[in-house]
Structure formats: C-alpha cells, structure tokens
2 protein chains.
Amino acid sequence: MDFEIAEQNIVDFEKIEKIKKVLPQDDLIFEIAELFKVFGDSTRMKIISSLLEDELCVGDIAVLTNSTPSAISHQLRVLKQTKLVKYRKEGKIVYYSLDDEHVREIYEKGREHIEEV
Amino acid sequence: MDFEIAEQNIVDFEKIEKIKKVLPQDDLIFEIAELFKVFGDSTRMKIISSLLEDELCVGDIAVLTNSTPSAISHQLRVLKQTKLVKYRKEGKIVYYSLDDEHVREIYEKGREHIEEV
DNA sequence: TAAACATATGAACAAATATTCATATGAAAG
DNA sequence: CTTTCATATGAATATTTGTTCATATGTTTA
C-alpha cells in the first residue's frame, strides 16, 4: 500500500505543531500586513515623513510630494482608514496630522534598518 | 499680466519651505517604503511570524503558511534581499531565520497599532 | 447668488506583484 | 550512478493598486 499523500517536505513535525499553537490568527496577521502595506508606498511614506514635522493641508502635501491634490486626497483616505492620520477642518481647508505615536515609531524602526544595513 | 502657473493650493509657503529642508531625500524615503512593502503581504507576514519563534526550513514554512514550497521560496528570496532573513544549509535542507532585531521591533509596533485601534 | 477655490470621489488605465506550473539544481540514499 | 528529495528559478497569469481625469461637494468671497 502506498500513500499518495505524503507528508512531503516536513522536516520537524513537532516543531511545526508547537509554532502553530503560538502563531497569531490568520485575520490578525492579515491586518498587520494590511497596515504595513500602507507604509509600503513612496507617496504615502513621503506624506508620513512630512506629517512627522507638522500638520499640513492637502494642497501643501501635494506640493511637498510633487503630486496632484487628487492623488494625495486618495492616499490620505487610505491613511485615514488605517487610523494613521486624523484631520480637522478650517473652512474649506482640511488639516491632516498623524493620529498615532506608533506611526513615528514604526517609521523610525524602518529608517534604522535601512540606514544600518 | 496674469500668471498661468499659479501657486495654487499652497496655504502656507513658509511652512512648506521649512519642511522641505528637513525631509529625507527621495531615495531614502523610497528605500523605507520598499522595506515596509516587504512586510505588507500576508504570506511574508506569516513567514516572519513563524521565524519569530524559531528557525525553519522551506518545507516547514510552507506547511505553516498553507503555501507551496515554490511560493515560499520566492518570498524568502524577497526577505533575503531585504536582509530580513538569513539562512544556513544543512545538506539539502536550508534553514531560515530572522536576520535583524528590527524585524521583531517593527512587527511588534505594527501589532500594537492593530490591537489598540 | 455667482464665481473661485480646496478637497473628495468614481471610473478607467497602467504598472506592479504574488502565485502557479514546469523545470532546474544539488545533495542524500538506495 | 540512478532515484528521490529539498529548494530554487523563470515565465505566464491573474489580481491588486496608484495615478489620472472628469466631476462633485462644500466653503468663501466678490
């Protein structure tokens, strides 16, 4: 009798079981990945870099990033949805700022990695 | 005389100039974004989560992530290129492990953000 | 109230990218 | 030395995603 479905490639079954137990749930891992995906774009990264310095309105961010206000608005929506930025309105002008100290910390860690390697 | 090229949308010119001076260079921002892009994928995030526990070979990672060894191998290449994982060979088996304490720190910060919001 | 302005939004297009499949490489075992 | 096994890799495909363009919303000013 030959088993077609071999336990192929598994080197250490016990180790796998042990790690399986402590691994975060799929949906948590998914959410973490989604968060980092937001950091993983040059335009958004530049927006974040800028907002690390001061609150800014859409038009000013567009100038700083060499983008169009439309493109920036789209990206700010992404940052808003992920709770990375917040905003306040002053007439027709909307000022955006960072919403979470984690943003700064994550950014710093990323920068450290780049600058050290 | 009318200026076609208006300084449209600029709200605070001085603020912009000030921030422009302290903003990281475009290529640094690009590299940081590229780094986070690597974290921004469920499969790679799961690989990283697993490697936070122990070193693992390709086959075992494939099992843990419900992926094929081929897909994992592709992703490990990405993680290798970004200096996030290192490996050691033992015969035909290749063991991967995290290459940088930043990986753990970045992961933790991301997780904190998700779990607090 | 009409015009100008800042921002937002939806659809469409182009570019990037993760997985699959077939195959290659290189090591261990028979 | 031939087969089996673990991993790697290239090409192709399918999906995701960022930007653009046109237009909408809402606010200020003329």
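Order of the sequence lines fixes the chain letters, A, B, ..., with proteins taken first and strands second; residue numbering starts at 1 for each chain. All values below were derived from every heavy atom in this structure, side-chain atoms included, with hydrogens, water molecules and symmetry-related copies excluded.
Checking each of B:Leu98, B:Val103, B:Leu79, B:Leu84 against B:Leu51 for a side-chain contact (heavy atoms from CB on, under 4.5 Å) leaves exactly one that passes, namely B:Leu98.
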Report all interatomic pairs (protein N or O, nucleotide N or O of nucleotides 9-14 of chain C) with separations under 3.5 Å.
from   : atom 1 : to      : atom 2 : distance (Å)
C:dT9  : O4     : A:Ser70 : OG     : 2.7
C:dG10 : O6     : A:His74 : NE2    : 2.8

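Separating the CG atom of A:Asp41 from the P atom of C:dA16 is a distance of 12 Å, rounded to the nearest angstrom. Residue A:Tyr95 contributes atom OH, which lies 11 Å from atom P of C:dA6 at whole-angstrom precision. Rounded to a whole Å, the CD1 atom of B:Ile93 is 10 Å from the P atom of C:dA28. If you measure from atom CZ of A:Phe39 to atom C1' of D:dT17, you get 18 Å, rounded to the nearest angstrom. A:Leu79 places its CG atom 10 Å from the P atom of D:dG18, with the value rounded to the nearest Å. The separation between B:Lys89 atom NZ and C:dG26 atom P is 9 Å, rounded to whole Å. One interatomic measurement links the two molecules: CD of A:Gln81 to P of D:dG18, which rounds to 11 Å at whole-angstrom precision.
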Stepwise side chain to side chain contact (heavy atoms under 4.5 Å, CB included) test for B:Ser49 and B:Tyr107:
CA-CA 8 Å; B:Ser49 301; B:Tyr107 172 85; 3.5 Å; yes

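Partners of A:Val78 under the side-chain contact (heavy atoms from CB on, under 4.5 Å) rule, at least two apart in sequence or in another chain, are A:Val38, A:Arg44, A:Gln75, A:Thr82. With sequence neighbours excluded, no residue forms a side chain to side chain donor-acceptor pair (under 3.5 Å) with B:Gln25. Residues passing the side chain to side chain donor-acceptor pair (under 3.5 Å) test with A:Arg77, sequence neighbours excluded: A:His74. When the side chain to side chain donor-acceptor pair (under 3.5 Å) test is applied to B:Asp54, no partner is found at least two apart in sequence or on another chain. Applying the side chain to side chain donor-acceptor pair (under 3.5 Å) rule to A:Glu55 yields the partners A:Arg88; only residues at least two apart in sequence or on another chain are considered.
Comparing the helix axis at one end of the helix from C:dT1-D:dA30 to C:dG30-D:dC1 with that at the other, each defined from 5 consecutive pairs, gives an inter-axis angle of 20° (nearest 10°).
Both cation-pi conditions hold for A:Lys80 and A:Tyr87: the charged atom is under 6.0 angstrom from the six-membered ring centre and inside a 45 degree cone around its axis.
Taking every side-chain heavy atom of A:Thr43 into account, D:dT19 is the closest of D:dG18, D:dT19, C:dT7.
Salt bridge B:Lys109/B:Glu105: absent, no basic N to carboxylate O contact under 4.0 Å.
Using a 4.0 Å cut-off on heavy atoms, none of the residues of residues 23-37 of chain B approach DNA chain D. For the segment residues 47-54 of chain A, the set of residues with a heavy atom within less than 4.0 Å of an atom of DNA chain C is empty.
Distance CD/B:Glu53 to OG/B:Ser97: 13.5 Å, rounded to 0.5 Å. Between A:Ile114 atom CD1 and B:Lys83 atom NZ the span is 11.5 Å, to the nearest 0.5 Å. With rounding to the nearest 0.5 Å, the separation of CD1 in B:Ile72 from CG in B:Asp60 is 11.0 Å. Atom-to-atom distance recorded for A:Leu56:CG and B:Lys15:NZ is 5.0 Å, nearest 0.5 angstrom.
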How would you summarise protein contacts on nucleotides 23-30 of chain D per nucleotide, using B for base, S for sugar-phosphate only and - for none, with heavy-atom distances below 4.0 Å?
----SS--

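Residue B:Tyr96 is in sugar-phosphate contact alone, with no base atom involved, counting any heavy-atom pair closer than 4.0 Å across all strands shown. Contact annotation for B:Ser67: no contact, since no heavy-atom pair falls under 4.0 Å across all strands.
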Enumerate, atom names and distances included, each donor-acceptor pair closer than 3.5 Å involving a side-chain atom of residues 63-70 of chain A, sequence neighbours excluded.
from    : atom 1 : to      : atom 2 : distance (Å)
A:Thr65 : OG1    : A:Ile61 : O      : 2.8
A:Thr65 : OG1    : A:Ala62 : O      : 3.3
A:Thr68 : OG1    : A:Ala71 : N      : 3.1

Considering only distance and modelled atom types, tabulate donor-acceptor pairs under 3.5 Å from the side chains of residues 27-36 of chain B, sequence neighbours left out.
from    : atom 1 : to      : atom 2 : distance (Å)
B:Glu34 : OE2    : B:Lys37 : NZ     : 3.0

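Counting all heavy atoms, side chain and backbone alike, A:Val58 lies closest to A:Ser73 at CG1-N, 4.5 Å.
Within the 4.0 Å cut-off from OP1 or OP2 of D:dT19, at least one side-chain nitrogen or oxygen of A:Gln75 is found.
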